[in-house]
Number of protein chains: 4
Amino acid sequence: MGPRGSSMASTTRRVGTEGSATRALILDTAEAVIREEGYAAASTRRVATRAGLKPSLVHYYFPTTDDLLLAVNLKGAEASARAIDAALAADDPVRALWLMHADSARNALAYEFIALANHRKNLRAVIAEHSERMRARQVEVLSRLFGDRLAAEGLTPAGLSVVLAGIGRVLATEDALGITAGHDDARAFVEHWLERLAQNQGTKV
Amino acid sequence: MGPRGSSMASTTRRVGTEGSATRALILDTAEAVIREEGYAAASTRRVATRAGLKPSLVHYYFPTTDDLLLAVNLKGAEASARAIDAALAADDPVRALWLMHADSARNALAYEFIALANHRKNLRAVIAEHSERMRARQVEVLSRLFGDRLAAEGLTPAGLSVVLAGIGRVLATEDALGITAGHDDARAFVEHWLERLAQNQGTKV
Amino acid sequence: MGPRGSSMASTTRRVGTEGSATRALILDTAEAVIREEGYAAASTRRVATRAGLKPSLVHYYFPTTDDLLLAVNLKGAEASARAIDAALAADDPVRALWLMHADSARNALAYEFIALANHRKNLRAVIAEHSERMRARQVEVLSRLFGDRLAAEGLTPAGLSVVLAGIGRVLATEDALGITAGHDDARAFVEHWLERLAQNQGTKV
Amino acid sequence: MGPRGSSMASTTRRVGTEGSATRALILDTAEAVIREEGYAAASTRRVATRAGLKPSLVHYYFPTTDDLLLAVNLKGAEASARAIDAALAADDPVRALWLMHADSARNALAYEFIALANHRKNLRAVIAEHSERMRARQVEVLSRLFGDRLAAEGLTPAGLSVVLAGIGRVLATEDALGITAGHDDARAFVEHWLERLAQNQGTKV
DNA sequence: AATGAATGAGATTTCATTCAT
DNA sequence: CATGAATGAAATCTCATTCAT
């Protein structure tokens with residue numbers, strides 16, 4: 001990905017007003033680029049061109065490419081957190097959670113950040129922490145929903161979260177590649193199983 | 001990611017003796033680089049340096065970077081095919097298949113190629129085809145093992161393959177990032193469930 | 001000076017044939033640029049433009065700016081070594097040594113490399129070593145010329161080398177800036193003193 | 001060295017109260033940066049960051065980088081002038097002058113400005129003038145101390161100043177690089193010689 | 001079968017400077 | 001007094017690829 005200084009990415013450093021419209025535009029554009037072309041394509045130039053800005057301006061707001069990537073990651077994490085909280089408030093919380101995991105737009109982004117974390121030691125810790133926080137948040141929600149009742153299925157809230165994440169992600173990523181064999185079957189299986197679970201579920205809080 | 005020519009990948013063009021030791025060395029090195037640093041790092045130079053060869057020589061065997069990447073992908077696909085066939089011959093075929101899906105080294109490579117396919121239209125078709133072939137091969141194996149008996153669980157061979165792939169992949173990728181919450185629970189759940197399935201299984205062919 | 005990776009400069013790495021005419025041209029041009037505009041001006045672009053080459057070609061021969069700078073330094077050190085050896089063979093060796101130290105072209109280059117060493121940890125060791133080798137070579141020459149006879153003046157070969165280097169350098173650098181006050185006086189003083197020394201000198205070897 | 005506007009340095013233009021604490025902070029920080037990392041590192045940004053200020057503020061006080069550099073140079077010249085005056089008032093003035101010339105902190109800064117003058121025509125005249133003034137001031141002091149008595153040694157006040165400057169500078173710069181061969185010998189030689197001179201010296205004024 | 005030379009493109013980053021508030 | 005925004009230029013480096021030998 002070109003030369004990259006070895007200095008730690010400064011998660012906190014943030015040039016430009018937080019509420020700046022330009023900053024938001026850059027962030028949105030970068031997210032779109034990452035989703036469509038991968039994190040490696042989120043170069044200053046490409047993002048700037050697409051946003052109709054000068055490359056230098058991108059650097060003004062995000063001194064380092066890492067800063068930009070982490071900012072997009074953070075934004076995604078915040079969106080996921082909101083989605084989880086919304087699930088808890090939904091009519092059928094478990095199903096809402098499953099839909100979130102099977103959402104391909106969300107998965108495309110998440111996938112990129114995992115790939116990114118895998119290849120850039122600098123960013124690994126921050127990205128991993130975001131993922132862990134999402135897991136924890138889901139555990140909270142699922143615990144509130146099921147109490148101990150998941151144990152009857154041989155599962156735990158954390159285990160359920162892992163299973164849904166895995167199946168959701170493989171469906172989304174394969175869809176993107178045009179691979180579909182077994183998808184409907186797997187989806188039906190999960191949904192059927194979740195329905196059964198839902199009957200076992202405690203009162204919504 | 002640096003400049004990448006837009007020329008169609010010449011899947012078939014192949015210079016250099018097929019059985020050449022140099023060719024094998026380049027392929028192995030490229031695979032290691034991809035596994036450790038990601039496909040974006042598999043540049044002619046990097047592979048050459050690491051293999052102790054001149055960059056030009058890499059180009060001699062693989063005229064295009066895409067040629068090299070596809071060759072590594074093909075090699076991985078062949079290894080996966082062998083693993084699936086070996087599973088069929090194992091004592092506990094379903095469990096062997098699950099272990100294959102949960103194998104982190106294999107997943108690391110597979111993950112890279114999915115990311116690659118996602119971001120390079122050129123290669124998408126070839127890589128997707130390899131994945132589909134693997135899925136088909138597993139369906140064959142699982143059908144032979146279970147016949148119709150999976151239906152009782154609300155599943156199909158293809159659906160089961162998808163489920164195992166998803167859960168296996170999420171475990172492997174999160175492990176790599178040091179995320180472990182819920183992993184043991186999910187693993188126990190899958191293994192317990194597979195044991196139950198195995199009792200339902202037909203005679204090994 | 002722009003981004004600079006933290007990787008150690010690879011003193012030995014050397015792309016392109018040693019005897020290449022292009023390589024020599026780049027080296028000569030870089031030396032001229034450094035002498036005239038300072039080491040900080042020895043950028044790929046500037047050197048390339050001045051040599052009538054493409055910037056990429058400079059990178060082909062000297063992957064890193066540090067590689068280029070060190071190569072120029074090495075070339076200078078070799079020239080100095082030859083000058084010292086030539087002094088030993090001259091009619092009046094001590095005076096020849098003094099003239100070498102007072103040579104402004106040589107000093108301009110030396111000055112740049114000391115400044116460079118001062119500001120780039122990477123290169124410090126190599127450059128310092130070159131300087132030390134020059135000092136050692138002079139000590140050898142002066143010892144051969146004077147034996148113990150310098151002691152009568154309260155000096156040693158190494159001490160004399162330091163004194164000549166210091167006075168020679170200040171004269172050369174100030175000349176370059178147009179500062180001349182006291183220069184003739186200092187020069188006369190040194191030359192008078194060296195004449196006296198020469199009479200004290202042993203037989204030339 | 002990055003882009004550097006070609007606008008003449010505005011030696012006189014000076015925004016911000018002369019006595020401003022902020023101005024002094026910027027000046028001190030710039031001096032430290034130059035001393036430690038060289039004049040080329042004294043960029044608006046770097047100085048600002050290190051001083052905990054915004055880059056724009058540095059520009060507010062010093063519209064141009066050249067303005068900043070010259071201000072630091074002036075500050076250094078004033079300090080040297082004070083050191084020379086102090087030498088005259090010292091117990092052993094000649095020795096005090098020598099110690100000033102051998103002072104490595106002072107030399108590090110002086111070295112940078114000579115390099116700077118060498119490479120930026122804009123600034124050459126101003127910096128050279130400062131140096132010349134220091135030389136003149138020393139000549140005054142030495143004349144007062146020795147009258148004509150230096151002639152017996154074949155020297156003049158200006159010549160002595162040059163000699164001390166040269167030897168002092170080479171010792172200081174080589175020390176910084178870890179080169180020490182001959183240093184003690186040269187130092188002993190100079191000090192012994194200065195002692196002899198001192199006995200020849202006139203009454204302190 | 002292998003390699004040295006050359007080139008154009010692009011990515012990352014740093015910088016000085018201007019302007020409006 | 002002070003600052004945020006914006007911009008254009010340049011420096012460093014990496015790459016894929018082509019060509020001639």
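Remember, it's a predicted structure, so these values are computed and weren't measured experimentally. Chain identifiers are assigned alphabetically (A, B, ...) following the order of the sequence lines, protein sequences preceding nucleic acid strands; residue numbering begins at 1 within each chain.
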Engineer: So, is Y60(A) near the phosphate of dA5(F), with a side-chain N or O under 4.0 Å from OP1 or OP2?
Structural biologist: yes
Engineer: Heavy atoms from C-beta onward define the side chain here; which of dA5(E), dT7(F), dA5(F) lies closest to that of S56(D)?
Structural biologist: dA5(F)
Engineer: Scan L27(D), L53(D), V58(D) and name whichever one has a side chain to side chain contact (heavy atoms under 4.5 Å, CB included) with T22(D).
Structural biologist: L53(D)
Engineer: Just to confirm, is there a sub-4.0 Å distance from OP1 or OP2 of dC15(F) to any side-chain nitrogen or oxygen of T65(B)?
Structural biologist: no
Engineer: Using a cut-off of 4.0 Å on non-hydrogen atoms, how would the nucleic acid contact of T44(C) be classed: base, sugar-phosphate, or nothing?
Structural biologist: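 T44(C): backbone/sugar contact only, no base atoms under 4.0 Å.
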Engineer: Let me confirm one number: the OG1-CD1 distance from T44(A) to I26(A), rounded to the nearest 0.5 Å.
Structural biologist: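 Reported value, rounded in 0.5 Å steps: 10.0 Å.
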Engineer: Report yes if a side-chain nitrogen or oxygen of Y61(A) is closer than 4.0 Å to either non-bridging phosphate oxygen (OP1 or OP2) of dA6(F); otherwise report no.
Structural biologist: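 Yes, such a contact exists.
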Engineer: Tell me the closest heavy-atom pair linking A42(D) and L69(D), and the distance in Å.
Structural biologist: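 Shortest heavy-atom contact: CB-CD2, 4.1 Å.
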Engineer: Identify, with sequence neighbours excluded, every residue that meets ring pair (Phe, Tyr, Trp, His ring centres under 6.0 Å) alongside Y111(B).
Structural biologist: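 So Y111(B) forms a ring pair (Phe, Tyr, Trp, His ring centres under 6.0 Å) with Y111(A).
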Engineer: Which comes earlier along DNA chain F counting from the 5' end, the contact point of T22(A) or that of P55(B), where each point is its nearest nucleotide?
Structural biologist: T22(A)
Engineer: Does some side-chain heavy atom of I127(B) sit less than 4.5 Å from a side-chain heavy atom of L116(B)?
Structural biologist: yes
Engineer: For S43(C) and K54(A), take the nucleotide of DNA chain F holding the closest heavy atom to each; which residue's nucleotide lies nearer the 5' end?
Structural biologist: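 In this pair, the answer is K54(A).
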Engineer: Could you state the CG-P distance from L69(A) to dA11(E), rounded to the nearest angstrom?
Structural biologist: 14 Å
Engineer: Of all the nucleotides listed (dA6(F), dT12(F), dT13(E)), which has the minimum atom distance to the side chain of L57(A)?
Structural biologist: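 The closest nucleotide is dA6(F).
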Engineer: What's the CZ-P distance between F62(B) and dC15(F), to the nearest Å?
Structural biologist: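 That distance rounds to 18 Å.
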Engineer: If we ignore angles and hydrogens, is there a donor and acceptor under 3.5 Å between the side chains of E78(C) and H130(C)?
Structural biologist: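 No pair is found: no donor N or O on one side chain lies under 3.5 Å from an acceptor on the other.
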Engineer: How would DNA chain F look in dot-bracket form, 5' to 3', counting Watson-Crick and G-U wobble pairs with both distances under 3.5 Å and writing | for bases paired to another strand?
Structural biologist: .||||||||||||||||||||
Engineer: R45(C): which residues meet the side-chain hydrogen bond (donor to acceptor under 3.5 Å, both in side chains) condition with it, sequence neighbours left out?
Structural biologist: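 Once residues adjacent in sequence are excluded, R45(C) has no partner under the side-chain hydrogen bond (donor to acceptor under 3.5 Å, both in side chains) criterion.
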Engineer: Of all the nucleotides listed (dT17(F), dA10(F), dT14(E)), which has the minimum atom distance to the side chain of R45(C)?
Structural biologist: dA10(F)
Engineer: dA10(F) P sits how many Å from H59(A) NE2, rounded?
Structural biologist: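 One finds 17 Å between P of dA10(F) and NE2 of H59(A), rounded.
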